[in-house]
Protein chains: 4
Amino acid sequence: MTHVSSMLKTYPKDLGNIDEQKLAACIAACFECAQTCTACADACLAEDSVAELTACIRKNLDCADVCASTGSVLSRQTGNNSEVTRAVLEACRTACRSCGDECEQHAQMHEHCKVCAEACRRCEQACADLLASLG
Amino acid sequence: MTHVSSMLKTYPKDLGNIDEQKLAACIAACFECAQTCTACADACLAEDSVAELTACIRKNLDCADVCASTGSVLSRQTGNNSEVTRAVLEACRTACRSCGDECEQHAQMHEHCKVCAEACRRCEQACADLLASLG
Amino acid sequence: MTHVSSMLKTYPKDLGNIDEQKLAACIAACFECAQTCTACADACLAEDSVAELTACIRKNLDCADVCASTGSVLSRQTGNNSEVTRAVLEACRTACRSCGDECEQHAQMHEHCKVCAEACRRCEQACADLLASLG
Amino acid sequence: MTHVSSMLKTYPKDLGNIDEQKLAACIAACFECAQTCTACADACLAEDSVAELTACIRKNLDCADVCASTGSVLSRQTGNNSEVTRAVLEACRTACRSCGDECEQHAQMHEHCKVCAEACRRCEQACADLLASLG
């Protein structure tokens, strides 16, 4: 999260009344979750029981895509695109919940699903926190 | 859209009761809009009046990101991730409307904004149509 | 490809001595291949024989990522980033060859791999053609 | 980097003779650089002198795209796609060098370019280190 905050501090214009800490936390959580879901999909592929993990892989891939685009949208402050910011946060929260719920079901069996479920929960919460702070 | 439909037809399992034509149209519209918005942001950058187009560039970039991830999510049929599908379609519709509204304001001045606004409108409509068909 | 060409024509500055037709063809091929590989990975996931297709899915996912980023880089004309353009074209050609080779091995068994191998070959060729035209 | 390493450790199959630490460092650097370049492009947009920063914005956007796709490719270990891994690392190193060189020119004027140049240099080095370790 350090590098996200460092960049936010360099933004040359006023950031408006956004909660800078919640914003930085959410950006960091999105990129972390995108990477973790990409790795979890791949780890699921490498399991002997891959045939039982296809729904999990699909949710991992969707969540990775949505987190990556959400992290990018949140990294932009120029202009006013708050309606879009809200909509992607809602979508990201939904994708993280869906993937987190799925991964939790395999968490006892597969360590990667356990670690991934935790990343999804953190990102889901970070999106909810940022949404709440937007009022 | 041809290649999107070709791939949909090869899906080995039942597609459920999704409207295959609306799905293919929406996937194609998302990828087209992602490319067009990426190109429009770059064309805006190349304008002498770039300083007046910064909000447009930002909306282009957001729209490109959201359309790309939505097109990828829609390209997947495995498992059931319908809540996420709905949420990304809502976000994509919002991003296309926001970008389309902005580009329309520059359409008379800049041909790229005119072409881009049309791509945004098509994608916004394709998302709305697919959402409506999901019931 | 029509919408790619339409946008290229609206670029407000000189495009330099790039072959506009080969550029448009390559951009279109990249986005088409990204979508097709995303769909092929998902179709592989839905096969009963998914356990035998894990290397194919991985190559599909890599190819989709590389084609998407290459298509975006190629959609930008502002400034001079020709060394990067060349490098991503080389990477994209490699990713398409790797994925095309893999999908071809499953083409008789799985129609999606057949359609996907064709998309990879087209994109591999489009990258090679554009690279050659860059001199 | 912690979460990247955590996921790598959960991979269910042998990672081969890849340098796990260099791999984790490179994945982390790619995602960090993708985020930083996205934010730097946006901060450049917000500068009064945006008209002088258009080449920088373009290189930021290219670098963000290439780093994101490289980070995703590197996050996958399944199958053998080493030729693609090498090619994307070469492209990523090139994109980071190009963007780092550009941002350095504005580093005294713009703090975001200074921070971004550092992220580009770290990622360029991480790609070079991983490439060297691949033999």
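Below, chains carry the letters A, B, ... as their sequence lines are ordered, and counting in each starts from 1. All values derive from a computational prediction rather than experimental measurement.
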TODO: Locate the shortest heavy-atom distance separating B:Arg58 from A:Val73; write the atom from each residue and the value.
DONE: NH2-O, 3.3 Å
Task: Greater than 12 external heavy atoms within 6.0 Å of B:Lys9's NZ - done: no
Task: Taking every non-hydrogen atom, the tightest pair across A:Asn80 and B:Lys59 - done: O-CE, 3.4 Å
Task: Heavy-atom pair of closest approach, residues A:Val66 and B:Ser69 - done: N-CB, 4.4 Å
- [ ] Measure distances from A:Leu61 to the heavy atoms of chain B and classify the residue's part below 4.5 Å as side chain, backbone, both or neither.
- [x] both
Task: Contact listing (chain A partner; residues 101-125 of chain B; heavy atom under 4.5 Å) - done: none
Open item on the list: With a 4.5 angstrom heavy-atom cut-off, is it the side chain or the backbone of B:Thr85 that approaches chain A, or both, or neither?
Closed with: side chain
TODO: Name the option with the most non-hydrogen atom pairs under 4.5 Å to chain B; the candidates are A:Thr78, A:Asp62, A:Leu89.
DONE: A:Asp62
TODO: Please list, in residue-number order, every residue in residues 91-100 of chain B that has a heavy atom less than 4.5 Å from any heavy atom of chain A; write 'none' if there are none.
DONE: B:Ala91, B:Thr94, B:Ala95, B:Arg97, B:Ser98
- [ ] Output, in order, the C-alpha distance, side-chain angles, deciding distance and verdict of side-chain contact (heavy atoms from CB on, under 4.5 Å) for B:Asp65 and A:Arg76.
- [x] CA-CA 12 Å; B:Asp65 284 334; A:Arg76 300 185 186 107; 2.8 Å; yes
